[in-house]
Amino acid sequence: MLEITRLNVRFGGAHVLRDVSVAVTRGQIHGLIGPNGSGKTTLLNAISGFVDCTGTITLDGRRLNGLAAHRRVGKGLGRTFQNPKAPDDMTVADLLRLGEHQIRTLQWHTVAFRPWKAAHQRHMFAQRCEQALTSLGLSPDLLERELGTIASGDLKMIDIARALMVRPRLLVLDEPTSGMNDHEIEVLRTRLEWLRESGLTVLIVEHNVRVVTDICDRITVLSGGGILAEGPPREVFQRPDVIDAYLGEDEGRSPESPPASLEKTR
Amino acid sequence: MSSITRSAAYRGWRRRAQGLQPVRGPLGFAVTAAVFMVALSGAPDTTLMTISLACVYAIAALGLTVVFGLAGMLSLAQAAIMAVGGYTVALIALDTIGLLPALLLAVVAGAAVSGLSGVVGARTKSHYFALATLALAEGVRLVLVNESSVTGGSNGHPVALVSLLGLQLADPRYFILLAVPLVAGCAYLVHCLRKSRFGLSLKAAAADEYMAKAAGVAIDRSRTLATIVSGGLAGLAGALLAILNGYVGPQDFGLGAAVLLLLIVVFGGASSSMGTVVAAVVLTYASRGMLDLAEASGLVYGLATLLLLLLLPGGVAGVGKAVAGRLGGRIRRARTRQEEA
Ligand SMILES: Nc1ncnc2c1ncn2[C@@H]1O[C@H](COP(=O)(O)OP(=O)(O)OP(=O)(O)O)[C@@H](O)[C@H]1O
Ligand SMILES: [Mg+2]
């Protein structure tokens with residue numbers, strides 16, 4: 001599905017990603033973990049086309065390198081942000097409408113010359129939004145709220161709804177559960193599992209070890225810009241080098257019960 | 001439930017009636033404008049002249065709301081683009097080609113020159129765009145002043161008299177008959193752009209480029225398109241000004257006019273076409289005296305703009321919304337109190 005081969009990203013003199021290769025299988029949830037600053041977000045930015053990189057990135061066999069960011073969305077890529085911005089003058093509905101604008105859209109001439117058709121489109125859009133929000137455990141009443149007034153956990157969920165509006169084939173999530181409470185995490189987990197059943201492929205950056213072990217089919221561990229380990233989560237979390245990499249940034253924790261301390265790093 | 005009992009035709013009409021909701025504003029505007037025009041027919045010439053100028057600036061400012069208000073790109077070239085439209089109608093044989101083709105030509109010329117700034121500026125950050133538009137404005141001024149064999153240099157160039165249905169458009173009395181409906185049309189156009197995918201893309205790109213890109217917005221394209229639309233309206237405004245004055249000269253399209261237009265947009269607020277039109281009328285009234293003080297006006301405008309930005313970040317529309325919000329809140333509170341009682 002998604003093949004990344006020998007990806008290198010440099011910011012000036014800093015070599016942030018070194019020869020990173022990742023293969024994400026269709027219909028799987030693939031976890032990407034690693035300590036702070038290990039380059040996870042940078043890897044997602046390279047996939048999205050936000051940063052220059054060398055190496056190849058292909059989605060369903062089609063090269064993404066060289067494509068502008070918005071064209072990659074057209075190829076089936078959806079992504080969310082670690083800290084989604086909340087512009088004050090946009091409502092939740094605006095954000096969701098933005099999310100689906102590549103597949104369904106309200107053209108200015110429809111608004112101008114066929115207002116009844118525009119109203120119908122708005123009605124259908126409201127229904128889609130309601131569905132999108134409720135399926136992520138959010139209230140449809142949020143729709144007309146301004147983004148600046150939304151709580152951070154809800155905002156992350158809304159960002160996911162936005163990314164799903166365009167019906168991507170690969171959904172890329174950057175630490176979706178940070179800022180969410182346990183109930184929200186549970187809702188998201190259920191939804192992601194449901195989406196996987198319906199054929200969506202997911203690449204998820206996640207610090208919460210329980211979430212990772214529960215939902216990921218495979219994980220890749222990044223450390224210092226290189227790949228440290230790859231495989232099914234339970235096996236990977238047993239590896240001493242993985243445990244070390246996590247404990248390195250979290251000093252003073254006892255190495256006796258690694259998964260527990262891993263969990264704390266979120 | 002009720003949809004089962006009611007006929008499909010009824011529902012169709014109901015939907016259509018609801019569909020009219022988004023155009024209530026422009027419809028109201030058109031009706032108001034018509035009443036206004038009738039009332040004005042007996043007004044003194046100076047008032048009519050001010051209203052005419054307000055219409056011209058309103059159209060140019062509506063264009064500017066697309067680039068500056070929606071896309072957040074500070075353009076100092078809007079007055080220069082007006083000059084492009086004005087000189088276009090001055091230099092073509094206006095009397096032979098006719099009013100409508102001449103206006104269309106001015107729109108195209110304005111859109112093309114403004115689009116240039118978009119192609120250069122859309123890729124850069126906003127302050128570079130501001131500099132690029134400043135350079136464009138200066139370039140246009142240099143051409144106007146120096147190519148005097150064509151443009152008449154700083155003396156300007158006469159514009160042929162045109163009439164519409166036998167009414168002389170250089171007379172403000174008849175000019176407003178053309179200009180007010182054009183303002184209404186442009187306001188409606190900008191309103192629809194704002195409500196459409198285009199407006200949303202511009203707004204998103206202004207708020208957060210990465211979010212917009214991740215949602216699939218072609219940022220460069222949208223921004224370039226914004227400068228083109230904005231330039232088209234400026235070209236139209238410039239052509240109207242030329243027809244009204246019967247003359248074009250570089251001094252009408254200087255920095256003073258550029259700042260006046262920015263001020264109208266800021267004062268009117270980015271979120272409402274109606275606000276822009278109101279601001280155009282108010283500020284044209286206010287600035288009619290000031291425009292003569294060519295030197296000082298820049299400073300006055302600058303200070304006024306700063307004050308406005310500090311005091312009224314949402315512009316007239318923002319104030320209107322705030323007032324409506326307060327009133328709404330009061331009414332709602334009163335209702336709940338009644339219900340509780
Ligand atoms: N635009 C940039 N310019 C320069 N350096 C950058 C840039 N973006 C990221 N970096 C650096 O690259 C490294 C990796 O950052 P990245 O954000 O990818 O880490 P991360 O794994 O997502 O960390 P976190 O868990 O904190 O989100 C960091 O050292 C960071 O300082
Ligand atoms: Mg990160």
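Proteins come first, then strands; the chains are lettered A, B, ... in the order of their sequence lines, and each starts at number 1.
- With contacts defined as side-chain heavy-atom distances shorter than 4.5 Å, the pair Leu98(A)/Arg197(B) does not qualify.
- Rounded to the nearest 0.5 Å, atoms CG (Asp159(A)) and CE (Met211(B)) are 8.0 Å apart.
- Contact check for Asp94(A) versus Lys203(B): side-chain heavy atoms found under the 4.5 Å cut-off.
- Once rounded to the nearest 0.5 Å, the distance linking OH of Tyr188(B) with CH2 of Trp108(A) reads 10.0 Å.
- The candidate from Gln107(A), Arg71(A), Arg162(A) with the greatest count of non-hydrogen atom pairs under 4.5 Å with chain B is Arg162(A).
- Contact annotation for Asp89(A): both backbone and side-chain heavy atoms come within less than 4.5 Å of a heavy atom of chain B.
- No other option in Met165(A), Gln102(A), Arg79(A) has as many heavy-atom pairs under 4.5 Å with chain B as Gln102(A).
- Using a 4.5 Å cut-off between heavy atoms, Arg72(A) does not touch chain B at all.
- The shortest side-chain heavy-atom distance between Ser196(B) and His109(A) does not fall under the 4.5 Å cut-off.
- Other residues, nucleotides and ligands contribute at most 12 non-hydrogen atoms within 6.0 Å of the CZ atom of Arg221(B).
- Shown here for Lys195(B) and Val111(A), the closest heavy-atom pair between the two residues is CB-CG1, 4.1 Å.
- Note: Lys85(A) leads Lys117(A), Lys85(A), Arg114(A) in heavy-atom pairs under 4.5 Å with chain B.
- Using a 4.5 Å heavy-atom threshold, the side chains of His101(A) and Leu200(B) count as separate.
- Taking the six-membered ring for Trp and the full ring otherwise, the centers of Phe50(A) and Tyr210(B) sit less than 6.0 Å from each other.
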